[in-house]
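This is the structure, below, for whatever I ask next.
Counting from 1, the numbers follow the sequence of the chain as shown.
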Amino acid sequence: MSNRQILQAMSGLMAGMFVAILAGTVVANALPRIIADLGASQSSYTWVVTSELLAMTATVPLWGKLADLFNQKLLLQLSLGLFVVGSLVAGFSQDVGTLIVSRVIQGVGAGGLTALAQIVMAAIIPPRRLGKYAGIFGAVFAVGTVAGPLIGGVLVDTSWLGWRWCFFVGVPFALAGIVLLQRTLKLPTVRRKVRIDWLGAFLIVAGVCALLIWSSLAGNTFDWASWQTAALVATGVVLLSAAVYVESRAAEPIIPLDIFRNRTVTLTTLASFFVGIAMFAGTVFLSQYFQISLGKSPTVAGLMSLPLIGGLLVSSTVAGQIISATGKWKIYLIAGAVVMTAGLGLLSTIDADTHFGLLSVYMAFMGIGVGMLMQNLVLAAQNDVPAHELGAATSVLSFFRSLGGTVGTSVLGAVLANRVADEISRGLTEKGIPVAGGGHGSAVPDMTKLPEPMKDVIEHAYGIATGDLFLVATPFAFLGLLAVLFIKEKPLKTTSGMERLATEDAAADGTPVTVPGPRGGEPAGTPDGAAGTVGLRKD
């Protein structure tokens, strides 16, 4: 495909990716109004968020496997269709039960979009050319993550729109994505006998959901050390252990365990998990810090995140261009991990009095590091697996990045809550104000309704606690750096996933296959860059 054809196809992919990310972030500032209008409880508040995240994260591996078995274009359109259905049901919901079910449907669709967008990119773009397009993906990811809460806040505050438009706003993008994919994405239909491992799929989804429910609710709905924790963790471990047993014997496993014998896949998976912790910690907790500790409105808080978006956008774009031009990629993974670790370390020094100019530099550091790492980890893994395992390998990385974000948000949120409670107790005691209930509570305060002395205490508490939260996150980023250091750099292939798949299928059949050489103006010099007919035998 020419650059123009690739960009046209990516327009549909990016529209789908944007709505997938928007589904999880746009309701952040709208939830209090939604729950109040539907007359729901605090536990329902949690499940409106958790249900979508659970469905998305747990179904990513299943979508990845389906991509290795069925037409990827059709699967993408099916994902977008599910998202549209879920969004419409959510927007018209009259009770919280219907809303939660609709969020599950949205999450299943978003899981498909998260996995399939990157899989299709690998199918149509050779790894050597993929870097310069990865920056677009990184930009969409950053904008959707950070701009979602801002869009949601504006919609809720606009009287003639309201919270229901938080769900309707993604529908036009999803429909546009379906049309664009139909017109621009040309993928061959691979007809082959398939046998889906339904038992393995059930065990994986059930086991992951048990652990995600635990990490999402522990420290909030129940204590970390409680019988609920023991039950959920034990259930998750047993189900996932059974899944490993089933997958090791299945003819068509959902997650081929053999891919973890590949050193690159294993190390990039670990690094993706740690990148997920850093990325979600930065976006979730910095927004809360801006609003509570610095006293900014949701709209201003969204704008204050621009240094993070800018750093991610610039670094992913520039690094991708250089990688495509030179073929060298490991140095950018190392540099990204170093800068991300440094950014988190710098953010650990913030408090309620940190100047925004200094804060902007710290956020830019973190964004630059994440931008160099996030997509290039996927590139490294996709370059080092057979074409028929592209879907599984890509979805595993996406799954662990989402898992890192979910677990990291839960654990770091618990750290934040405990530190805030301690600082509030200390601050109130110093001011001679009686401390009710030891100063502990899980509710986020409404800063506009607090008296000035109390407001000062809470601003200071959230400032200190946010810095401590990033201090806890820094060692995880360092572990990501260690994982990246042990990845072995291999030359980037110059043939796309579809071309490699054709070669592999021909090898299995014992028939000759013509491997195309480099396109005009594309770099040569890698082993699979030469054109010619290759004689292949079944053995």
Checklist line | Donor-acceptor contact below 3.5 Å, side chain Gln382 vs main chain Gln118 | finding: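 Yes.
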Check: Any side-chain heavy atom of Leu38 sitting closer than 4.5 Å to one from Asp95?
Finding: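 No. Closest side-chain heavy atoms not under 4.5 Å.
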Margin query: If I compare all heavy atoms of Leu161 with all of Trp165, which pair ends up nearest, and what's the gap?
Written below: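 Leu161 and Trp165 have their closest heavy atoms at O-CD1, 3.3 Å.
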Note to self: Distance check, rounded to the nearest 0.5 Å: Leu471 atom CG versus Leu412 atom CG?
What the structure shows: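 Spacing of CG (Leu471) from CG (Leu412) equals 11.0 Å.
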Next item on the list: Carefully, step by step, assess Leu211 and Leu232 under the rule side chain to side chain contact (heavy atoms under 4.5 Å, CB included).
Entry: CA-CA 6 Å; Leu211 293 180; Leu232 287 170; over 6 Å; no
Checklist line | Phe476 atom CZ, neighbour heavy-atom count above 12 within 6.0 Å | finding: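 Open: at most 12 neighbouring heavy atoms sit under 6.0 Å from CZ of Phe476.
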Checklist line | Among Thr235, Leu203, Val208, the one residue meeting side chain to side chain contact (heavy atoms under 4.5 Å, CB included) with Leu240 | finding: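 Going through Thr235, Leu203, Val208 one by one, the side chain to side chain contact (heavy atoms under 4.5 Å, CB included) with Leu240 is satisfied by Val208 alone.
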Item checked: Side chain proximity check, Thr349 to Tyr362, heavy atoms < 4.5 angstrom ->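 The answer is yes; the side chains approach within 4.5 Å.
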Margin query: Checking Ser395 against Trp63: is there a side-chain donor and acceptor pair closer than 3.5 Å?
Written below: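 There is no such pair (donor and acceptor under 3.5 Å, judged by atom type) between the side chains of Trp63 and Ser395.
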Notebook entry, point to check: Is there a donor-acceptor contact under 3.5 Å from the side chain of Lys455 to the main chain of Gly295?
Noted result: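 No, the answer is negative, given that no donor and acceptor are paired below the 3.5 Å cut-off.
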Next item on the list: Considering non-hydrogen atoms only, spot the tightest contact between Met304 and Met363 and give its length.
Entry: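 Smallest heavy-atom distance, with atoms named: O-CE, 3.1 Å.
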Next item on the list: In sequence, state the C-alpha distance, the side-chain angles, and the governing distance for Ile204 and Leu62, and then conclude on side chain to side chain contact (heavy atoms under 4.5 Å, CB included).
Entry: CA-CA 9 Å; Ile204 290 171; Leu62 180 58; over 6 Å; no
Notebook entry, point to check: Closest heavy-atom contact between Asn376 and Ala319?
Noted result: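 Result for this residue pair: ND2-CB, 4.2 Å.
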Checklist line | Taking every non-hydrogen atom, the tightest pair across Ala381 and Leu397 | finding: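 What the structure gives for the nearest pair is CB-CD2, 3.9 Å.
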Margin query: What's the separation between atom OG1 in Thr264 and atom NZ in Lys330, rounded to the nearest 0.5 Å?
Written below: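 Rounded to the nearest 0.5 Å, the OG1-NZ separation comes out at 9.5 Å.
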Notebook entry, point to check: In terms of ring plane angle, is the pair Phe400 and Phe273 parallel, tilted or perpendicular, where the classes change at 30° and 60°?
Noted result: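 Plane angle over 60°, so perpendicular.
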Margin query: Please check: side-chain N/O of Asp223 versus main-chain N/O of Ala225, any donor-acceptor pairing under 3.5 Å?
Written below: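 Pair absent, no side-chain N/O of Asp223 close to backbone of Ala225.
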Next item on the list: State, to 0.1 Å, how close Phe83 and Ala174 come at their nearest heavy-atom pair, and which atoms those are.
Entry: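 What the structure gives for the nearest pair is CD2-CB, 4.0 Å.
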Next item on the list: Drop me the distance from Leu403's CG to Ser398's OG, to the nearest 0.5 angstrom.
Entry: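 Reported value, rounded in 0.5 Å steps: 12.0 Å.
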Checklist line | CH2/Trp163: more than 12 non-hydrogen atoms of other groups inside 6.0 Å | finding: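 Yes, enclosed.
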Notebook entry, point to check: Would a 4.5 Å heavy-atom cut-off, applied to side chains only, mark Thr466 and Ser293 as touching?
Noted result: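 Not in contact.
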Notebook entry, point to check: If you measure only the distance, is there a donor-acceptor pair under 3.5 Å linking the side chains of Asp422 and Ser425?
Noted result: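 No, no side-chain donor-acceptor pair sits under 3.5 Å.
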Checklist line | Atom of Tyr332, atom of Ile322 and distance for their closest heavy-atom approach | finding: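 That would be OH-CG2, 2.7 Å.
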Check: Sub-3.5 Å donor-acceptor pair from the side chain of Thr474 to the main-chain atoms of Phe470, do we have one?
Finding: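 Yes, Thr474 side chain to Phe470 backbone: donor-acceptor pair under 3.5 Å.
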Item checked: Gap between atom CG of Leu99 and atom CZ of Arg164 - 0.5 Å precision ->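 If I round to the nearest 0.5 Å, the distance is 9.0 Å.
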Margin query: Test your reading of the model: is there a side-chain donor-acceptor pair from Arg263 to the backbone of Phe486, 3.5 Å cut-off?
Written below: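 Such a contact is found between Arg263 side chain and Phe486 backbone.
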Next item on the list: For Tyr245, look at atom OH and say whether over 12 heavy atoms of other residues, nucleotides or ligands are found less than 6.0 Å away.
Entry: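 No - once you tally the heavy atoms of other residues, nucleotides and ligands closer than 6.0 Å, there are 12 at most.
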Note to self: Run the ring-ring contact (aromatic ring centres under 6.0 Å, His included) test on Phe168 and Phe92 for me, step by step, so that the C-alpha distance in whole Å, both residues' side-chain angles and the decisive distance to 0.1 Å come before the verdict.
What the structure shows: CA-CA 9 Å; Phe168 295 147; Phe92 290 112; 5.0 Å; yes
Item checked: Evaluation steps, side chain to side chain contact (heavy atoms under 4.5 Å, CB included), between Val19 and Leu80 -> CA-CA 9 Å; Val19 299; Leu80 285 165; 4.1 Å; yes
Check: Taking atom CG of Leu312 and atom CD of Gln375, what is their separation to the nearest 0.5 Å?
Finding: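 It comes to 9.5 Å.
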Notebook entry, point to check: With a 4.5 Å heavy-atom cut-off, do Leu347 and Phe365 have their side chains touching?
Noted result: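 No, too far: nothing below the 4.5 Å cut-off.
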Notebook entry, point to check: Taking side chain as C-beta onward, heavy atoms only, is Gln106 less than 4.5 Å from Phe167?
Noted result: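 Side chain of Gln106 against side chain of Phe167, heavy atoms only: contact under 4.5 Å found.
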Checklist line | N/O donor-acceptor pair under 3.5 Å between Ser93 side chain and Val89 backbone | finding: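 Indeed, once roles are kept as given, a pair shorter than 3.5 Å links the two residues.
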Item checked: Side-chain donor/acceptor of Ser315 to backbone N/O of Gly369, under 3.5 Å ->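 No: the side chain of Ser315 does not pair with the backbone of Gly369.
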Note to self: Looking at Phe356, I want to see if its CZ is surrounded by more than 12 non-hydrogen atoms of other residues, nucleotides or ligands under 6.0 Å.
What the structure shows: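 Yes, because the 6.0 Å sphere around CZ of Phe356 holds more than 12 heavy atoms from other groups.
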Notebook entry, point to check: Could you state the interatomic distance from CG (Asp351) to CD (Glu459), rounded to the nearest 0.5 Å?
Noted result: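 The distance works out to 11.5 Å.
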Next item on the list: List the steps, then state whether side chain to side chain contact (heavy atoms under 4.5 Å, CB included) holds for Trp329 with Met372.
Entry: CA-CA 10 Å; Trp329 50 268; Met372 282 194 280; over 6 Å; no
Check: Given side chains that start at C-beta, do those of Ile424 and Val420 come closer than 4.5 Å, heavy atoms only?
Finding: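 Answer yes - side chains close enough.
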Check: Is the distance between the ring centroids of Phe285 and Phe290 less than 6.0 Å?
Finding: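 Ring centres of Phe290 and Phe285 not closer than 6.0 Å.
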Check: Does Glu52 reach the side chain of Val108, with side-chain heavy atoms less than 4.5 Å apart?
Finding: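 Side chain of Glu52 against side chain of Val108, heavy atoms only: no contact under 4.5 Å found.
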Notebook entry, point to check: If we only count heavy atoms from C-beta on, is the Leu373 to Leu333 side-chain gap below 4.5 Å?
Noted result: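 SC-SC contact between Leu373 and Leu333 confirmed.
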